[in-house]
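Data block below; observations after.
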Amino acid sequence: MSTAHEFRCHLTWTGAKAGKPFTYDTYSRDFLAETPGKPPLPLSGAEAFKGDPAKSNPEDLLVASLSACHALTYLAICSRSKVTVLAYEDEASGTLEKVGDVMKFTSVTLRPKVTLSKADDETRALTLHEKAHHQCFIANSVNFEVRVEPQIVVGG
């Protein structure tokens, strides 16, 4: 069995249809990302870079990818470890700043709030966040710090 997996995306700049002159201040930042077998995803640049604030942008998607990867990895590990998770939410944020002469992400912080069914699982549930962070494909692929600040609650 192969350990390599390929993911594809067809990206089309849709701004040429806007009929505006092509200058930095006027060209459209809108584009369409298409992944085989999935609905098209309309995107734009970040509002700070003259994009459409109503559309997701690459920066949003990077933070969302890190958040979703951690969540999916964590839930898989919890299910295999017999830790029952009732709910999971995250308030993730990323910092993009100028470093030297380039703009780059310098950190992303994940703040997962996990609701468990049993108080007995609290300590183990916290430890499993460390394991999930170590195994998260996306976190392992970036060159900036990804912090995880989990909160565990018991409900039911």
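It should be emphasised that the depicted structure is a prediction, and the values quoted were computed from it without experimental measurement. Every heavy atom of this structure was used, including side-chain atoms; hydrogens, water molecules and symmetry mates were not.
Proximity of a side-chain donor or acceptor of H133 to a complementary backbone N or O of V146 within less than 3.5 Å is detected. A distance-only check finds a donor-acceptor pair linking the side chain of Y74 to the backbone of A125 [under 3.5 Å]. S81 contributes a side-chain N or O that, together with a main-chain N or O of I77, makes up a donor-acceptor pair within less than 3.5 Å.
By the 6.0 Å contact criterion, CZ on F137 is open, its count of non-hydrogen atoms from other residues, nucleotides or ligands being 12 or less. Other residues, nucleotides and ligands contribute at most 12 non-hydrogen atoms within 6.0 Å of the CZ atom of R80. Atom CD of E47 has 12 or fewer heavy atoms from other residues, nucleotides or ligands within 6.0 Å.
Taking CD of E122 as the start and CD1 of I152 as the end, the distance is 7.5 Å to the nearest 0.5 Å. Rounding to the nearest 0.5 Å gives a distance of 10.0 Å between CD of E34 and CG of L41. Note that the OG atom of S93 and the CZ atom of R147 stand 8.0 Å from one another [nearest 0.5 Å]. With rounding to the nearest 0.5 angstrom, the CG atom of N140 is 8.0 Å from the SG atom of C69. Rounding to the nearest 0.5 Å gives a distance of 7.0 Å between CD of E145 and OG1 of T109. Atom CG of D90 and atom CD of E149 lie 10.0 Å apart (nearest 0.5 Å).
When every heavy atom of A92 is checked against every heavy atom of L110, the shortest pair comes out as CB-CD2, 3.7 Å. Nearest heavy atoms, A33 versus L43: CB-CD1, 3.7 Å. Nearest heavy-atom pair, L32 versus P40, reported as atom, atom and distance to 0.1 Å: CD1-CB, 3.7 Å. Minimum heavy-atom separation, V83 to L128: CG2-CD1, 3.9 Å.
Note on D52 versus R29: no salt bridge recorded, every NZ/NE/NH1/NH2 to OD/OE distance being 4.0 Å or above.
In this structure, the side chains of N57 and D60 come closer than 4.5 Å at one or more pairs of heavy atoms. Using a 4.5 Å heavy-atom cutoff, the side chains of E59 and F105 are in contact. No side-chain heavy atom of C78 sits under 4.5 Å from any side-chain heavy atom of R124. For the pair V114 and Y88, the minimum side-chain heavy-atom distance is below 4.5 Å.
Connection of V102 to L96 is not established within any shared hydrophobic cluster, with ILVMFWY side chains joined at heavy-atom distances below 4.5 Å, either directly or through further cluster members. Residues W13 and Y24 fall within the same hydrophobic cluster, defined by Ile, Leu, Val, Met, Phe, Trp and Tyr side chains chained together at heavy-atom separations under 4.5 Å. Cluster annotation: L62 and L72 are assigned to distinct hydrophobic clusters (Ile/Leu/Val/Met/Phe/Trp/Tyr, side-chain heavy-atom contacts under 4.5 Å, transitive). Residues L66 and M103 are members of one and the same hydrophobic cluster, defined by side-chain heavy-atom contacts under 4.5 angstrom among Ile, Leu, Val, Met, Phe, Trp and Tyr. In the hydrophobic clustering of this structure, L126 groups with V85; members are Ile, Leu, Val, Met, Phe, Trp, Tyr whose side-chain heavy atoms approach within less than 4.5 Å, directly or through other members.
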For this session: Starting from the C-alpha separation in whole Å, work towards a yes-or-no answer on side chain to side chain donor-acceptor pair (under 3.5 Å) for Q135 and T73.
Result: CA-CA 7 Å; Q135 293 181 14; T73 305; over 6 Å; no
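Under the side chain to side chain contact (heavy atoms under 4.5 Å, CB included) criterion, P58 pairs with F31, not counting sequence neighbours.
For the side-chain contact (heavy atoms from CB on, under 4.5 Å) criterion with H70, the lone passing option out of I138, V108, V148, L75 is V148.
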